[in-house]
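Data block below; observations after.
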Number of protein chains: 2
Amino acid sequence: MSAGSILSALEDVQIAPRRSLAEEAADKLREAILLEHLAPGTPVPERELSEAMGISRTPLKDALRLLEMEGLIDYGPTRRPRVANPSLATLRDNITVLGALEALAGELACAVATATELADIAARARRMETDGGDALAFFHQDMNFHGAIVAAARNAPLADTHRQYNARLWRARFLSSRQIDRRENTLAEHDRIVTALMARDGVATANAMRAHLRSTIENIARVHADGRGQGG
Amino acid sequence: MSAGSILSALEDVQIAPRRSLAEEAADKLREAILLEHLAPGTPVPERELSEAMGISRTPLKDALRLLEMEGLIDYGPTRRPRVANPSLATLRDNITVLGALEALAGELACAVATATELADIAARARRMETDGGDALAFFHQDMNFHGAIVAAARNAPLADTHRQYNARLWRARFLSSRQIDRRENTLAEHDRIVTALMARDGVATANAMRAHLRSTIENIARVHADGRGQGG
DNA sequence: CGTTTGAATTTGGTATGCCAAATACCATTG
DNA sequence: CAATGGTATTTGGCATACCAAATTCAAACG
């Protein structure tokens, strides 16, 4: 029995790299922030939190730095971590950039995506129409639709930056997506995007993605006017 | 003498926040990387380096994380920091995104920049024509030209992300800009950008910026073919 | 000589202690 | 009552020690 066949006899020989405590803490915190168990603007007391999590301050600081990078945590003038609490203007600025990133992704996907990938994207849009589910499920499908386009663009820095922006905007996008009267518009806009993608028309796709994100901006502004105080 | 006039009698009462050791170390490392005193691919030994810098490992780790965020340092599979050594394909991907960011900046600047800001940008382009200086001086003016457009866009997340991409691409952009035969093209492309900006034509400005960055991609590829081994 | 194994050394993640800066609280003063 | 000053407490940055994982090096084996 040679080395080759030992390997082929085993399905999966890779040991996953051990996740650091910082990474695990960041995951926990990310979830708490995105579900608003940690409300926007909340100070994050390092010692208290590290004790509650059963880890030392060092990996917690690392975790907070990771989340700072994603825009979920910010540091005040005295360097104390707080849960980010973006103003409407900041959200608008972020979504404007996100729109440009997604427009670029759409354009690149027209050039480099496989037919299978495009078909998958179209199927996602269709599934949202026929089986949207509740608000959270619909939102997840929405985010996966966008994510599939960005992945089909095959540009790693773009995907990374998009991920960062999406994390930062996740909450606001969810609140926007949750509006029942919003769903029809979303689906229509997705159709426009898919039509342009299937035609591999980069310009039309980019424009459709920008328009989609522009209406997201408008809807987030509406949600802001309805319910949440202005952030710091 | 009232409190108001104590403040007005003093020109500058703000005490600058103390810079952390991590920030200072990051600056030093950034410079060493960008000037290739630390060559691409070089392992960064934490203990040795912290000792050489006269600080402990803690702020050095923080500094390295900052530089990771900027793409100047990457962490290998064993979590050891190395100086990033981007492949041509990675550089191309990064510049593609940078092009989209700068296109957005141009478009936004057309909408929101003051006449003074636009005049300043035009003056910068002119100064590069009449007083370009040596390769490094010309390059600095070039980067300041681009930076002024991004600043005039008044979108903080865009400016942040642009800064990150610029840091990551600084070296490659410098090597490209250094090509003597490149200068004429650069100046012509800047002219096109300025013309579109002064006309506040967002679409034309965005297109001119994209075209400019596309020729940067081509030039970087040429430099790569000429001289540097392929990165990891 | 090439390969394997085991021990020594190096290195990254983490815990913890210390010091300086920031904040909170209380008493005093006008 | 509001403002000010002083003290106690909390908090962030940093240094250092420790442990486990990774790497290096030397010896043994085929």
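Keep in mind that the numbers below use all heavy atoms, side chains included, and drop hydrogens, waters and symmetry copies. Every chain is numbered from 1 and lettered A, B, ... according to where its sequence line falls, protein lines coming before strand lines. Owing to the predicted nature of the structure, the values given are computational and were not obtained by experimental measurement.
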Kindly write out the residues that satisfy side chain to side chain contact (heavy atoms under 4.5 Å, CB included) with A100(A), not counting sequence neighbours, or none if the list is empty.
-> L104(B)
Would you mind checking if D142(B) and R173(B) are paired as a salt bridge, meaning a charged N to carboxylate O distance below 4.0 Å?
-> no
Atom CD1 of I55(A) and atom P of dC18(D) are separated, to the nearest Å, by 22 Å
List the steps, then state whether side-chain contact (heavy atoms from CB on, under 4.5 Å) holds for L29(A) with M53(A).
-> CA-CA 10 Å; L29(A) 287 173; M53(A) 287 177 134; 4.0 Å; yes
Check nucleotides 10-12 of chain D against the protein and report each pair of N or O atoms closer than 3.5 Å, with its distance, or say if there are none.
from    : atom 1 : to     : atom 2 : distance (Å)
dG12(D) : N7     : R47(A) : NH1    : 2.8
dG12(D) : N7     : R47(A) : NH2    : 3.4
dG12(D) : N7     : R57(A) : NH2    : 3.4
dG12(D) : O6     : R47(A) : NH2    : 2.8

Cation over ring face, R171(B) and F174(B), 6.0 Å, 45° = no
Spacing of R65(B) atom CZ relative to dG13(D) atom P, expressed in whole Å = 16 Å
In chain order, what residues pass the side chain to side chain contact (heavy atoms under 4.5 Å, CB included) check against R154(B), with sequence neighbours excluded?
-> V112(B), T114(B), E117(B)
Could you check how far CG of L49(B) sits from P of dA15(D), rounded to whole Å?
-> 13 Å
Spacing between L60(A) atom CG and dG13(D) atom C1', to the nearest angstrom = 14 Å
Shoot me the first and last contacting nucleotide of DNA chain C against chain B, ordered 5' to 3', at under 4.0 angstrom to non-hydrogen atoms.
-> dT11(C) to dT14(C)
Apply side chain to side chain contact (heavy atoms under 4.5 Å, CB included) to R80(A) and list each qualifying residue two or more places apart in sequence or on a separate chain.
-> T78(A)
Verify the distance criterion only: is there a donor paired with an acceptor across the side chains of N219(B) and R222(B) at less than 3.5 Å?
-> yes
Could you list the residues that satisfy side chain to side chain contact (heavy atoms under 4.5 Å, CB included) with V150(B), not counting sequence neighbours?
-> A105(B), A159(B), H162(B)
Length of the CG-P vector between L21(A) and dA20(D), whole Å | 14 Å
Would you classify T58(A) as touching base, sugar-phosphate or nothing, given that sugar-phosphate means primed atoms plus P, OP1 and OP2, and contacts are heavy atoms under 4.0 Å?
-> base
